[in-house]
Amino acid sequence: MNYELCINDNVKDFIKKHLKDDVHKLALSKFPEGIDREFVIRQIHARQVLDKKLPSWAENDELIFPKKLSLEQCSSELTAKYKTTLLSTKPHETTRKEFSADSCNLADEERVLVDLTGGMGVDTAFLSDDFDKAYYVEMQEELCEIAKHNFKVLNKNIEVVNDNAEHFLTLCDKADCIYLDPARRDEYGRKMVSLHDCSPDVAELQDILLEKAKTVIVKLSPMLDIDIVKKELRNIKEIHVVAVRNECKELVVVLGQQTTDNGQQTSFTAYGPKFMAIDLREGWNFSFTEDEEQNAEWTLADTVGKYLYEPGVACMKAGCFKLLSQKYHLDKLHRNSHLYTSDELMPDFPGRIFEVINAVPFDKKTKKEISSICQQTTDNRQQTDSKLAAQSSKLKASVAVRNFPLSADELKKNLGLQDGNNFYIFGTTMKGEKKIVVLAKKL
């Protein structure tokens, strides 16, 4: 398909005019002559989906977008930009070299990126800016054609290769970085629980990947167990748990080898990987090693202090618990509760911070006590908050549980609360296995 003809001025004008329309209703309407209904509906829907996820692409009326699955699987602009910070390459002047699938000899003087799972090309496009040359490898011919068009529009020096990762690896020479985003679902839509279930199988290919590249970056589903990743992959240099607004978006694993004093290559396995937990919207990050976490000294709280701290999901996923207590001088409520407290505010904590209103034992009197405290606090605030005054008859709270016998919904029902963010309530367990309910407000 000639995408340059598909995206002519008439098509672009039509897309702009109907960009905010309901695509299901629009699909049933009459289309002007010369406008491909299926193509235009797909483009409008894609721009609606990518409006916040990939704004610079959604706003570019020259770009073409593929089917829905590729939109869902592609990186966001925020996470794609983050992955560029994992590289330390510097671009320099080189002579462009053409590529064919039959022969791939990459010049030593060029800094080369290979993306073995091109997809929509978002990561390829962002990562390529740090290299002299980039190769986009993709099995689906249609995605390759779309990528060729889009890379030209974006003025990217990227060669598009219609091939699978395994075959391409047998042909190509050395590269500075190989990037992979293996498919995370099988043909029946089931979630993967092992790297061996992904395509391509990074665990199976890891030896040849490290033969071909100094650095290998693998984007994985945030649902994968990190312990499984560490078991199935060798030479892990870094593990990045990337969150956006307290929702885990990606698990990014950096493989590599280091040079010893005598010039030999050795793995990072003996030293353990470096972990980076980060929330790109909340604006915090926390790095550590397994040794630091295992050897950290931590303390348990006797009572709930003035402030309550809930680690961000990226920290929780990365498995950082004891070190948070040591580094920020916080007491854990319980070995397994993963909530922290202090009387002195620690504003740099990597997660959410709450000011404690009260903490009460969880028993038959809890509902009455919480209601009374909420109502009293509400009455004190009504003078400055007219909206809250109007809602005071219905107590609303955001409820969470950590190491607690009830689910969040069960606790909310038990306390007779409605959903809302006037208050934050945590059901948890303290030292001595005491079950408590903490009432707080978010800072």
Side-chain angles (χ1 to χ4, degrees), residues 245-247 282 298-313 315-316 321 324-325 328-347 349-443:
R245 292 193 180 93
N246 212 35
E247 179 184 352
E282 298 296 328
W298 54 286
T299 55
L300 285 177
D302 293 318
T303 59
V304 179
K306 186 177 179 180
Y307 300 100
L308 188 73
Y309 303 82
E310 180 190 38
V313 294
C315 274
M316 299 282 281
F321 304 116
L324 291 176
S325 173
Y328 293 97
H329 308 290
L330 305 174
D331 296 328
K332 287 195 74 177
L333 297 192
H334 184 280
R335 175 185 293 271
N336 300 320
S337 292
H338 307 321
L339 290 171
Y340 306 77
T341 190
S342 71
D343 286 323
E344 183 181 348
L345 179 62
M346 297 296 171
F349 181 80
R352 297 197 298 176
I353 306 175
F354 303 85
E355 186 174 356
V356 176
I357 298 173
N358 210 330
V360 300
F362 181 63
D363 54 30
K364 294 180 180 180
K365 300 178 182 179
T366 306
K367 179 178 180 180
K368 184 177 179 180
E369 291 184 42
I370 289 293
S371 297
S372 176
I373 297 167
C374 286
Q375 190 63 57
Q376 182 180 356
T377 305
T378 300
D379 292 341
N380 292 337
R381 292 166 59 189
Q382 281 179 3
Q383 296 178 0
T384 57
D385 193 336
S386 59
K387 289 184 180 179
L388 188 58
Q391 299 171 352
S392 61
S393 60
K394 297 180 180 179
L395 294 177
K396 298 182 178 181
S398 177
V399 179
V401 294
R402 297 286 184 272
N403 188 23
F404 197 70
L406 302 183
S407 68
D409 285 340
E410 288 171 339
L411 179 58
K412 182 174 62 177
K413 183 178 180 180
N414 181 283
L415 298 176
L417 300 170
Q418 294 186 353
D419 286 328
N421 57 5
N422 293 345
F423 300 98
Y424 289 81
I425 287 178
F426 290 88
T428 189
T429 301
M430 285 202 67
K431 183 173 70 172
E433 306 306 316
K434 293 184 295 184
K435 305 297 184 286
I436 64 168
V437 173
V438 182
L439 177 65
K441 60 181 180 180
K442 188 172 182 289
L443 290 183

Go through the steps for His329 and Glu344 under the test side-chain hydrogen bond (donor to acceptor under 3.5 Å, both in side chains), then give the verdict. CA-CA 9 Å; His329 308 290; Glu344 183 181 348; over 6 Å; no

Take Arg335 and Trp298 through the side chain to side chain contact (heavy atoms under 4.5 Å, CB included) test and state the conclusion after the steps. CA-CA 9 Å; Arg335 175 185 293 271; Trp298 54 286; 3.8 Å; yes

Under the side chain to side chain contact (heavy atoms under 4.5 Å, CB included) criterion, do Val304 and Ile436 qualify, and how do the steps go?
-> CA-CA 10 Å; Val304 179; Ile436 64 168; 3.7 Å; yes

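No side-chain N or O of Asn403 forms a donor-acceptor pair with one of Thr428 less than 3.5 Å apart. A donor-acceptor contact under 3.5 angstrom links the side chains of Tyr309 and Ser342, judged on distance only.
Side-chain atoms of Val437 and Ile425, non-hydrogen and from C-beta on, do get closer than 4.5 Å to each other.
Without hydrogens or angle criteria, Tyr328 side chain to Pro347 main chain gives no donor-acceptor distance under 3.5 Å. Judged by distance alone, the side chain of Thr429 and the main-chain N or O of Lys435 form no donor-acceptor pair under 3.5 Å. When atom types are taken as modelled, the side chain of Thr366 and the backbone of Pro361 share a donor-acceptor pair closer than 3.5 angstrom. At distances below 3.5 Å, not a single donor-acceptor pair connects side-chain atoms of Thr341 with backbone N or O atoms of Asp331. In this structure, the side chain of Ser371 engages the main chain of Lys367 through a donor-acceptor pair within 3.5 Å.
Of the options Ile353, Leu324, Leu330, a side-chain contact (heavy atoms from CB on, under 4.5 Å) to Met346 is made by Leu330 and by none of the others.
A ring-ring contact (aromatic ring centres under 6.0 Å, His included) check over residues 351-375, counting only residues at least two apart or in different chains, returns the pairs Phe354-Tyr424, Phe354-Phe426, Phe362-Phe404. Sorted by first and then second residue, the pairs that involve residues 397-410 and meet salt bridge (Lys or Arg N to Asp or Glu O under 4.0 Å), not counting sequence neighbours, are Glu310-Arg402, Asp409-Lys412.
From Leu411, atom CG reaches atom CG of Asn414 across 6.0 Å, with rounding to the nearest 0.5 Å. Here the CG-CG distance, from Leu443 to Leu308, works out to 10.5 Å after rounding to the nearest 0.5 Å. The distance from atom CG of Leu345 to atom CD of Glu355, rounded to the nearest 0.5 Å, is 9.0 Å. Distance check, rounded to the nearest 0.5 Å: OG1 of Thr299 to NZ of Lys332 gives 10.5 Å. Interatomic distance, Tyr340 OH to Ser325 OG, rounded to the nearest 0.5 Å: 7.0 Å. How far CG of Leu333 is from NE2 of His338: 11.5 Å, rounded to the nearest 0.5 Å.
Closest heavy-atom contact between Phe423 and Ile357: CD2-CD1, 3.9 Å. Residues Val356 and Ala440 approach most closely at CA-CB, 4.0 Å, considering heavy atoms.
Salt bridge status for Asp302 with Lys431: present, with a side-chain N to carboxylate O gap under 4.0 Å.
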